[in-house]
Colleague: 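Structure provided below as structure tokens; questions to follow.
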Amino acid sequence: MTALSRFPRFFVTSPSPCPYLPGRQERKIFTELTGQHAGELNDALGRIGFRRSQSVAYRPSCANCTACVSVRVVANEFQPNATQRKLLKRYGDLEVTPCKPWATEEQYALLHDYLHARHPGGGMAAMDENDYADMVEQSPVSSFVIEYREPSVGGVPGRLVGACITDRQADGLSMIYSFFVADDVRSSMGNYIILDHILRARSAGLPYVYLGYWVKGSERMAYKTRYRPIEVLGPNGWSLLTDEDETFAMPLPSKVRALA
């Protein structure tokens, strides 16, 4: 490894409004992923809770708040529940293809519709095609885009209904960003994409699927705990999330939260 890979320089962002918990400020610590050993550095940082965004690895470093918790599904022990089994069967007709990290107009159109339907006020809503191309193609690590399409007809590829930018790490798959159709015809696509990644990791002999951060107190992030067993990263390392842990982390009532 180069000296930069072994001893990366870390920086801290200025505080900004938290997108998940009203009234709080977020701050991130980050470092650049560069050089031929970027993949090794990314793997090492991923095991201690960092996430990748293009050529940067980051993790929350918020003052007086530890609500954001890294989570990963234990792929080889995962057993889908009844609802998840129905979803796997329901979408068994989809054609799933891992593609090289090269942005396409079709992918961007799907992302554009997804952001305006699901996150109209989010920071990514103003992304143009060049921004999307940078997000996909500026990866210094082993990365690909998994496409989910409806069945082909007469040799013509079916409608693109989902996609996920995914990193292959030494110990698992890291779901960097997924987006999908926001209609009733293909509802619960986001859940299906996670299930597919878990089965894909198991088939490849990879122990984990990294889902990013589970934000305690955020209803938007509650879905991540549906995939059991799931591990959370705490001060003493990774440990299984229990029902008691999840109950303890339930959102506060709005009146109480306003005083927190």
Side-chain angles (χ1 to χ4, degrees), residues 1-35 37-73 119 121-124 127 131 134-135 138-141 143 165-167 169-178 208-225 230-241 245-246 248-252 257-260:
M1 274 192 175
T2 64
L4 183 59
S5 297
R6 286 181 292 147
F7 306 106
R9 297 175 62 190
F10 289 89
F11 306 89
V12 179
T13 63
S14 299
S16 61
C18 176
Y20 301 107
L21 299 176
R24 299 194 188 185
Q25 296 283 303
E26 73 165 355
R27 189 179 66 174
K28 296 184 177 73
I29 183 171
F30 67 94
T31 189
E32 190 174 6
L33 299 169
T34 59
H37 299 292
E40 296 174 43
L41 177 60
N42 188 52
D43 286 349
L45 293 175
R47 288 191 288 272
I48 57 173
F50 279 74
R51 295 280 288 167
R52 184 185 69 81
S53 177
Q54 295 178 218
S55 59
V56 168
Y58 70 92
R59 66 171 294 173
S61 181
C62 305
N64 305 316
C65 182
T66 57
C68 292
V69 180
S70 296
V71 291
R72 63 186 187 186
V73 181
H119 308 288
M124 295 177 63
M127 286 183 66
D131 295 328
D134 288 343
M135 184 170 73
Q138 289 189 16
S139 172
V141 303
S143 182
I165 302 169
T166 304
D167 288 351
Q169 298 180 180
D171 63 348
L173 299 179
S174 179
M175 298 179 65
I176 301 301
Y177 197 79
S178 61
Y208 304 112
V209 172
Y210 288 84
L211 298 184
Y213 300 111
W214 169 51
V215 184
K216 295 180 181 180
S218 172
E219 295 180 5
R220 289 169 52 189
M221 291 294 180
Y223 72 91
K224 295 188 178 183
T225 62
I230 191 167
E231 295 183 344
V232 296
L233 181 60
N236 298 317
W238 293 94
S239 62
L240 289 176
L241 178 71
D245 294 331
E246 188 175 7
F248 179 76
M250 288 294 288
L252 295 171
R257 187 167 60 239
L259 300 175

Colleague: Kindly give the heavy-atom pair with the smallest separation between C68 and V215, and that separation in Å.
Modeller: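 For C68 and V215, the tightest heavy-atom pair comes out as SG-CG2, 3.9 Å.
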
Colleague: Under the rule for side-chain contact (heavy atoms from CB on, under 4.5 Å), what residues qualify as partners of D171, not counting sequence neighbours?
Modeller: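 R47, R72, Q169, P207, Y208, Y210.
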
Colleague: Working to the nearest 0.5 Å, report the span between NE2 of H37 and CD of E40.
Modeller: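 Rounded to the nearest 0.5 Å, the NE2-CD separation comes to 5.5 Å.
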
Colleague: Suppose we screen for side-chain contact (heavy atoms from CB on, under 4.5 Å). Which residues come up paired with T13, at least two apart in sequence or across chains?
Modeller: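 Only R27, K28, F30 meet the side-chain contact (heavy atoms from CB on, under 4.5 Å) criterion with T13.
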
Colleague: Under 3.5 Å, side-chain donor or acceptor atoms of residues 51-60 against the rest of the protein: list the pairs with distances, not counting sequence neighbours.
Modeller:
unit_1	atom_1	unit_2	atom_2	d
R51	NH1	S174	OG	3.0
R51	NH1	M175	O	3.4
R51	NH2	M175	O	2.4
R51	NH2	I176	O	3.4
R52	NE	D167	OD1	3.4
R52	NE	D167	OD2	2.6
R52	NH1	Q54	O	2.7
R52	NH2	D167	OD1	2.9
Q54	NE2	Q138	OE1	3.2
R59	NH1	I48	O	2.6

Colleague: Please enumerate all residues that pass side-chain contact (heavy atoms from CB on, under 4.5 Å) together with I230, with sequence neighbours excluded.
Modeller: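 By the side-chain contact (heavy atoms from CB on, under 4.5 Å) rule, I230 matches V71, V73, L211, R228, L241.
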
Colleague: When rounded to the nearest 0.5 angstrom, what is the spacing between OG in S16 and CD in Q25?
Modeller: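 The OG atom of S16 sits 6.5 Å away from the CD atom of Q25.
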
Colleague: Write down the atom of R9, the atom of T31, and the distance for their closest heavy-atom approach.
Modeller: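 For R9 versus T31, the nearest heavy atoms are O-OG1, 2.7 Å.
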
Colleague: Would you name the heavy atoms of A222 and T225 that are closest together and state the gap between them?
Modeller: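 Here A222 and T225 meet closest at O-OG1, 3.0 Å.
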
Colleague: Go through it in stages, so that I can follow the logic: the residues are R220 and Y20, the test is side chain to side chain contact (heavy atoms under 4.5 Å, CB included), and I'd like the CA-CA distance, side-chain angles, deciding distance and then a yes or no.
Modeller: CA-CA 8 Å; R220 289 169 52 189; Y20 301 107; 3.7 Å; yes

Colleague: What residues form a ring-ring contact (aromatic ring centres under 6.0 Å, His included) with F10, not counting sequence neighbours?
Modeller: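 If we apply the ring-ring contact (aromatic ring centres under 6.0 Å, His included) test to F10, skipping adjacent residues, the hits are F50.
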
Colleague: Would you name the heavy atoms of S143 and I165 that are closest together and state the gap between them?
Modeller: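 That would be OG-CG2, 4.1 Å.
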
Colleague: Counting distance only, does the side-chain N/O of Y213 pair as donor-acceptor with the main-chain N or O of A67 below 3.5 Å?
Modeller: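 Flag not set: sc Y213 to bb A67 has no pair under 3.5 Å.
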
